[in-house]
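Below: one structure, written as structure tokens.
Every chain is numbered from 1, with letters handed out A, B, ... down the list of sequences. Treat the numbers as computed from the prediction; the structure is a model and nothing was measured.
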2 protein chains.
Amino acid sequence: MDSTVTIKDVAARAGVSVATTSRVLSGNPSTSAKSRERVRAAVEDLGYRPDARARSLRSARSQTVGLLISDVRNPFFADVAHGAEQAALRSSYVTLLANANEDPRQQDTYLESFLTQRVDGIIIAPQGEGSANLRALATKVPLVFVDRTVEGFEVPSVTTDNAGGIDQAVAHLADRGHTRIGYIGGPFSISTGRARHDAFVDAVRRYGLDSDPELITSGDFRSASGYTAAERLLSGGRPPTALLAADSLMAVGALGTLRRRGLRIGVDVDLVAFDDIEWFSELDPPLTVVSHDAEAMGSTAMRLLLDVVEGGAPSSVVLPARLVVRASSGGTCGEA
Amino acid sequence: MDSTVTIKDVAARAGVSVATTSRVLSGNPSTSAKSRERVRAAVEDLGYRPDARARSLRSARSQTVGLLISDVRNPFFADVAHGAEQAALRSSYVTLLANANEDPRQQDTYLESFLTQRVDGIIIAPQGEGSANLRALATKVPLVFVDRTVEGFEVPSVTTDNAGGIDQAVAHLADRGHTRIGYIGGPFSISTGRARHDAFVDAVRRYGLDSDPELITSGDFRSASGYTAAERLLSGGRPPTALLAADSLMAVGALGTLRRRGLRIGVDVDLVAFDDIEWFSELDPPLTVVSHDAEAMGSTAMRLLLDVVEGGAPSSVVLPARLVVRASSGGTCGEA
DNA sequence: ATCCTGACCGGAATCGTTTCCACGGAATCG
DNA sequence: CGATTCCGTGGAAACGATTCCGGTCAGGAT
């Protein structure tokens, strides 16, 4: 089953030395046209495929980067991963995609594994607070944060303009005449959770809306927590007339709550979600969202990382967020 | 930045030979308690992490498997990937997750890359017909198919009981009194597309329903194609009274069509989807689905693959499908 | 004719491990 | 007491590539 044709076999078949073969294979200019041709032919004949492990053992590059995502099953992160992967491919890097599953322990397991695989760099959407672990990592291998950051880390990052996005959403809801907006936030242990929360509080104040602390809840960026948060918000004495969810999965949970309570979205209660997702526009009614480009986020992160790997020192990037108004907050049925 | 502490450093610090150090590290029993202790301490002191590349270069095992999924952004496959990954982790294998993006060219690119990385085995949800490429692969490295298969391949696979699932769905709709069911199928180039189509035709015949060929359409397992297929079905002279979509994304597309046409799901038209997805139960109305366990599918595939890698010859597995009736086809609002 | 230059090449060292082989000494056995 | 096992060990050869270093040879300059 294991053919294992090595560079030695190729060299023998081509009638040149291993050294020359290697030179041809890696595009070293000091090779004659004749050797190039003969090696090329031998590679073809033998179906030779260089061994990436041996190659990267000798030269200090593995042409491999690690991508540690917090939850592959979250469509937003799936898109980020896809964007990053495509960008890596274009620079002929291979991406090791790992799934922390929103669990710091698994995050550590995979970081460990990345290290033993000697990846050239790591992109990570960090869990919780930067463990000592993470801090040690940053001194060992190029690191880039995507979507989330950790305080006090000197690493490049790609994030969304969370404040801008939330501001647009609150402005829109205020425009619609809402004064009591229920907020379903993310965990404070995650930077996006904090940023969006702070932006919400700030926007509510600036637009002169009701800043009742009862209107603020928080979940864990998964749908079940969105469900219970919405439940809590709506069962208060003076329930909100609009809901703003800090991510798509929690919005899905809220959707369930509203349906079960028989509330009509866009009529009885408005709903706006952070993160756009393909099928949010196909729902009945289509959901108003704060949209940001997950794929661009992934590809940008990869670009930054490869910059660092090649010795550069790129600066962080903040991508814009854009409100897309749909029927769940009074828009028309079509796309905005 | 690069610490590069090697086994030599550990050996020196522990005052033993490199050979002994290696033995301790890989749990070789012929080591004294004393060396074990000293090596352990040295590893700790130096923060040593073995180099997976060197290790796997020497021993013929890389402890790495490739997982090639047809579309990471399809929630079904995201779940499969998650299941497989967790199973690999339990056997201390690392998973290289790649995304073919429903594109045979990218599939080839990644297979190539898996090969140069010298993975111990590959799990794949194959695109289109088994290219010569794929066939050559099967002779080189252990292979397992997941979800989909390719005719004439002697490799273990994990699939769903497609026929059983479709049968339950059609039986249920027939029960509800439908005689004209519109079918939104997948591509014939993919085994699941063919299997579900054939099962549908068969079930329609057995339950004595209308077998009008106009009722059968097919898409590409993506939402846009579900949209246009539903559009075509509903604009015929005698439109169907129920829709059965062969996968979740196409069901999402159909959802959009129904909304735009102002048809009430579960009242004017019933809708059933193959594949369950977390948020299908949160929709309004919740969707009736043919549910199969994607995570189990992934972990089973990984189990089969590791079996092959260890020299076994496991047989293929077919996982059951189960109809979950919800309000989109007249069920109650709660879970079935 | 001699020297120099530059293009091309091959031998061998190297990357960080595992593993084969041989060896010393303690324990067991006749 | 000598022979035989057995355990733990270290030296050194792999694994499959890259790359340093020196050498050959052709051709142009002197």
Identify the pairs formed between an N or O of the protein and an N or O of nucleotides 10-16 of chain C at a distance under 3.5 Å, and give each distance.
| from | atom 1 | to | atom 2 | distance (Å) |
| --- | --- | --- | --- | --- |
| C:dG10 | OP2 | A:Ser17 | N | 2.8 |
| C:dG10 | OP2 | A:Ser17 | OG | 2.9 |
| C:dG10 | OP2 | A:Thr20 | OG1 | 2.7 |
| C:dG10 | N7 | A:Arg23 | NH2 | 2.8 |
| C:dG10 | O6 | A:Arg23 | NH1 | 3.1 |
| C:dG10 | O6 | A:Arg23 | NH2 | 3.4 |
| C:dT14 | O2 | A:Arg58 | NH1 | 2.8 |

Within residues 28-45 of chain B, those residues having any heavy atom closer than 4.0 Å to DNA chain C are none
For A:Ser316, enumerate each residue passing the side chain to side chain donor-acceptor pair (under 3.5 Å) test, keeping only those at least two apart in sequence or located in another chain.
A:Ser157
Heavy-atom closest pair, residues A:Val141 and A:Val119:
CG2-O, 3.8 Å
Show me the donor-acceptor pairs, under 3.5 Å and distance only, between side chains in residues 10-20 of chain B and residues at least two apart or in other chains.
| from | atom 1 | to | atom 2 | distance (Å) |
| --- | --- | --- | --- | --- |
| B:Arg13 | NE | B:Asp45 | OD2 | 3.4 |
| B:Arg13 | NH2 | B:Asp45 | OD2 | 3.0 |
| B:Ser17 | OG | B:Ala19 | N | 3.3 |
| B:Ser17 | OG | B:Thr20 | N | 3.1 |
| B:Ser17 | OG | B:Thr20 | OG1 | 3.2 |

All pairs passing ring-ring contact (aromatic ring centres under 6.0 Å, His included) where residues 83-118 of chain B contributes a residue, at least two apart
none
Shortest non-hydrogen contact from B:Val94 to A:Gln117?
CG2-NE2, 4.1 Å
Can you sort out the partners of A:Thr64 under side chain to side chain donor-acceptor pair (under 3.5 Å), two or more places apart, ordered by chain and number?
none
Dump the intermediate steps for side chain to side chain contact (heavy atoms under 4.5 Å, CB included) on B:Val144 and B:Ile122, then the final yes or no.
CA-CA 6 Å; B:Val144 164; B:Ile122 296 179; over 6 Å; no
Not counting sequence neighbours, which residues clear ring pair (Phe, Tyr, Trp, His ring centres under 6.0 Å) with B:Phe145? List them please.
B:Phe153
Using the test ring pair (Phe, Tyr, Trp, His ring centres under 6.0 Å), find all partners of B:His292 that sit at least two apart in sequence or belong to another chain.
B:Phe76, B:Phe274
Show your working on side chain to side chain contact (heavy atoms under 4.5 Å, CB included) between B:Arg303 and B:Val158 and close with a plain yes or no.
CA-CA 10 Å; B:Arg303 195 165 51 67; B:Val158 184; over 6 Å; no
Heavy atoms of A:Val146 and A:Pro126 approach each other most closely as O-CD, 4.4 Å
Between P of C:dT17 and CZ of B:Arg49, the distance in whole Å:
12 Å
Does B:Ile123 form a side chain to side chain contact (heavy atoms under 4.5 Å, CB included) with B:Thr95? I'd like the steps, not just the answer.
CA-CA 10 Å; B:Ile123 298 179; B:Thr95 308; over 6 Å; no
According to the Watson-Crick and G-U wobble definition with distances under 3.5 Å, which dot-bracket string, read 5' to 3', encodes DNA chain C, using [ ] for crossing pairs and | for pairs with another strand?
||||||||||||||||||||||||||||||
Let's go through A:Thr109 and B:Leu89 carefully: what are the C-alpha distance in whole Å and the side-chain angles of both, what is the deciding distance for side chain to side chain contact (heavy atoms under 4.5 Å, CB included) to 0.1 Å, and is it a yes or a no?
CA-CA 9 Å; A:Thr109 304; B:Leu89 212 55; 4.3 Å; yes
Between the protein and nucleotides 4-6 of chain C, which nitrogen or oxygen pairs come in under 3.5 angstrom?
none

Which nucleotide of DNA chain D is the first, and which the last, in the 5' to 3' direction, to come under 4.0 Å of a heavy atom belonging to chain B?
D:dG8 to D:dG16
Does the side chain of B:Ser56 come under 3.5 Å of the side chain of A:Arg53 through a donor N or O and an acceptor N or O?
yes
Considering only residues two or more places apart or on different chains, which pairs with a residue in residues 110-124 of chain B satisfy salt bridge (Lys or Arg N to Asp or Glu O under 4.0 Å)?
A:Arg49-B:Glu112, A:Asp51-B:Arg118
